[in-house]
Amino acid sequence: MIYKIPAFAHKKFIFADEWAESNVVLRDSGPFSFDVTPYLKEPTRAASDTLHNCRVVVSTPAQCGKTQLIVNLLAHMAIYDPTNSLVILDTAKTARRLSKNRVKPFLREFADVKSLKRGVFVEDRSSSVANISLASGANLLFGSSRSASDLCSTPVKYLFLDELDRFVKELENEGDPILLALKRQLRFRDSMAVLTSTPTVEEGSITQHYLMGTQEDWCVKCNCGSCNAVKFDEILFSDETPTFTCETCGEAFSERDIIALDHLYAPPKNFEPCHDDNGRICRSFRVYATLMHKIYTWEQLEKERKQAESLSLASVRSFRNTTLGEPYTPPNFEITDYTRLLIHRHAYTKDTLYSWVTDVFAGIDTQDSLFEVVIIGMSSNHDKICFIEHKQIIGELEFDASVWGRLKSYISDFRCKTVDGRTLYINLLCHDCGGHFYNEVLSLGLQIPWWRPVKGRSYLMSVEEQTIIDRISRKAVRGVGNGTGKVDLTIVNTRFCKDFIYDKLSSIIANRDANFYFTADPDARFDENFFEQMTSETKETAASGYTLYKLKVGFHNECLDCTVYALAAAELYRLMSCKIASIRKTPIDEEAPKQEIIEHHDEAPKQVFSEPSQIPKIRKLKKLKSL
């Protein structure tokens, strides 16, 4: 493409990529160069070519130079065309941090912005951080995607939107914040908008804007002349040396071979990209971590993948998005053939558990006519889970008081052993107090310290709040013994737990290592009925836009709920044992909880307690900080 000199240039114009390599010196690494990030050279040039391009979209993994691209462009703009410009980030806090820590020092040093040239450096104030004067009548503004006033006021020629997929989807009574920001450029015939982000899902904003542009992928050029983007799933890791095979000629390459080949952007896949009234087009670029050789190696990426899959579904998603730079495709959470799980059971019993089992937890679901109990064992770092026993205690709970006594006796007398001879007891259990027996379950929590009442909550938290335990509150219990008391009620994020469970079950069916084990012992009752209940829900999107799990018609889900509560017990025990005050501070009601640490008991209590005064004293460790 032949470039022309922009009409606005009041100095001897050079494109932003050439200017950066000639003038920028980084404190940590010396003179700026595109040698480490060659994939950013073409987007930088495209963003400074306002005669042919109206918008530039860049999708890359995290921590791969996107912010430096924006800073270079801001300095280039301040030198060659100082005018009203706007930088929008997801929150006002991140916008101020970028301005104070990166942009202002950079403009002061490399763009010769007079408003920043003070004899003695003074501390930045919030007003000067959000509004930098570039010249007379020209200001660089910083704003938040959550503020309508930041998006809908002053017209701007240059617009920079960073971390697009973190933006709120809709502002109340205003609409899409991205479109609101883009409308501020309508008065300028030679405007430029730069949109950058790490991708999240296929429906994410950066992916959708990438599809609207030219769709140019950073590729390696094969000896046959074809361009290959080298996605992570296309790399074969079965051999000692990972290899990639060209789809066109079938030649296999190691990572060393790939590094020796030419790297460039493939020709546009979209020959009709969106354009403005002047014929200027939107150029979109996408980069994957597999071709960032000076930042990632293939072996390193494979190691991170295994680690993420051993942890949780959230870790897998983070690996796909932030490390690989690929949109995340959620697995199909509807398991139609649950009988396939039967063939993946293992030949251990509750008396021959794996040697890695160190802790035992239980989850109890309460129905009108029975208690459903699931007991699981975990490794010390909770990365491996084995299912030990599934138990039903049947009886009319409202009319037969002995059913409650049988439940307490079963839990108190439960024993299991590992192959190396250790005897284990239930460390902690979580009992669902929803339904008709709320006060009765809370009473058990008051009588027995390691018996924790819980309630499920299915609505989705933000990405930053993704955790099993949502919150804990203190609840008054009435009618216990001769008086009243208060007990901790734990709220469990069932949506998060079910994502984790269904991801593990899907991995088992796909013959992938899930570290999720079921025993084939018939006495443990992990049978066809159990797996039918475990897979009895489907993930659906409600009219509000939230995704929820819904029970299939004619199915039961008690075993799935018990597993959720057992996982909650494990997480609660971890928080207590590690003294990690990471539970949300906002209580449901009443005062904030004062969670106590219970020492791991070597002997489970054999006595069934009917009165609080009968509970033996248990030595308490240091209390958690008030949550």
Side-chain angles (χ1 to χ4, degrees), residues 1-23 34 37-60 65-66 68-87 138 155-162 164 178-179 181-197 205-219 227 263-287:
M1 180 180 293
I2 299 176
Y3 293 92
K4 299 179 181 179
I5 302 300
F8 60 73
H10 59 279
K11 299 182 180 181
K12 184 179 179 181
F13 180 83
I14 59 174
F15 287 102
D17 58 321
E18 299 174 1
W19 173 85
E21 287 188 309
S22 302
N23 297 275
F34 286 105
T37 58
Y39 45 84
L40 294 180
K41 185 178 180 67
E42 184 63 23
T44 303
R45 173 166 287 243
S48 58
D49 179 20
T50 57
L51 292 181
H52 301 91
N53 308 319
C54 62
R55 195 179 307 169
V56 172
V57 181
V58 183
S59 172
T60 73
K66 296 189 303 295
Q68 187 61 44
L69 177 147
I70 291 177
V71 173
N72 287 344
L73 289 172
L74 286 173
H76 183 267
M77 174 270 300
I79 294 173
Y80 291 98
D81 189 24
T83 185
N84 282 343
S85 305
L86 175 64
V87 180
V156 295
K157 181 175 180 179
Y158 295 101
L159 177 65
F160 301 87
L161 306 179
D162 193 20
L164 219 61
I178 299 174
L179 295 182
L182 291 173
K183 291 214 177 268
R184 298 181 66 166
Q185 298 184 293
L186 292 179
R187 289 175 51 182
F188 298 92
R189 295 174 57 86
D190 54 352
S191 62
M192 170 57 64
V194 178
L195 288 66
T196 68
S197 181
S205 298
I206 193 67
T207 302
Q208 295 304 309
H209 282 275
Y210 165 82
L211 296 176
M212 294 168 60
T214 52
Q215 301 180 27
E216 302 173 51
D217 291 346
W218 184 246
C219 294
C227 293
H263 290 60
L264 72 167
Y265 277 103
K269 291 184 288 186
N270 183 10
F271 296 102
E272 295 183 358
C274 69
H275 55 81
D276 63 4
D277 295 337
N278 301 315
R280 301 183 306 148
I281 64 172
C282 169
R283 293 190 66 182
S284 57
F285 304 90
R286 182 163 59 187
V287 186

Asks: Do Arg184 and Leu159 have side chains that get closer than 4.5 Å, going by heavy atoms?
Replies: no
Asks: Between Asn278 (side chain) and Arg189 (backbone), is there a donor-acceptor pair under 3.5 Å?
Replies: yes
Asks: Taking the side chain as every heavy atom from C-beta outward, state whether Val194 and Leu69 have any atom pair closer than 4.5 Å.
Replies: yes
Asks: Can you tell me how far apart OG (Ser284) and CE (Met212) are? Round to the nearest 0.5 Å.
Replies: 9.5 Å
Asks: Using atom types as modelled and distance alone, determine if a side-chain donor or acceptor of Arg286 lies under 3.5 Å from a backbone N or O of Gln215.
Replies: no
Asks: Going from CG on Asn72 to CH2 on Trp19, what distance comes out if it is rounded to the nearest 0.5 angstrom?
Replies: 6.0 Å
Asks: Can you find a heavy atom in the side chain of Gln68 that is under 4.5 Å from one in the side chain of Leu40?
Replies: no
Asks: Tell me if a side-chain donor or acceptor on Asn270 pairs with a main-chain N or O of Glu272 at a distance below 3.5 Å.
Replies: yes
Asks: Is it true that a side-chain atom of Asp49 and a backbone atom of Arg45 form a donor plus acceptor pair closer than 3.5 Å?
Replies: no
Asks: Sequence neighbours left out, what passes salt bridge (charged side-chain N to carboxylate O under 4.0 Å, His left out) with Lys269? Give chain and number order.
Replies: Asp217
Asks: Should the pair Tyr80 and His76 be assigned to parallel (<30°), tilted (30 to 60°) or perpendicular (>60°) ring geometry?
Replies: tilted
Asks: Side chain of Arg283, backbone of Ala47: donor and acceptor closer than 3.5 Å?
Replies: no
Asks: Check salt bridge (charged side-chain N to carboxylate O under 4.0 Å, His left out) between Asp162 and all other residues, then give those that pass, not counting sequence neighbours.
Replies: none
Asks: Take Ser197 and His209 through the test side chain to side chain contact (heavy atoms under 4.5 Å, CB included) and record every step on the way to the result.
Replies: CA-CA 11 Å; Ser197 181; His209 282 275; over 6 Å; no
Asks: I'd like to know if the side chain of Ser191 reaches the main chain of Tyr158, judged simply by a donor and an acceptor atom lying under 3.5 Å from each other, with no hydrogens or angles considered.
Replies: no
Asks: Report yes if some heavy atom in the side chain of Cys54 is under 4.5 Å from a heavy atom in the side chain of Gln185; otherwise report no.
Replies: no
Asks: Taking the ring centre of each residue, are Tyr39 and Phe285 less than 6.0 Å apart?
Replies: no
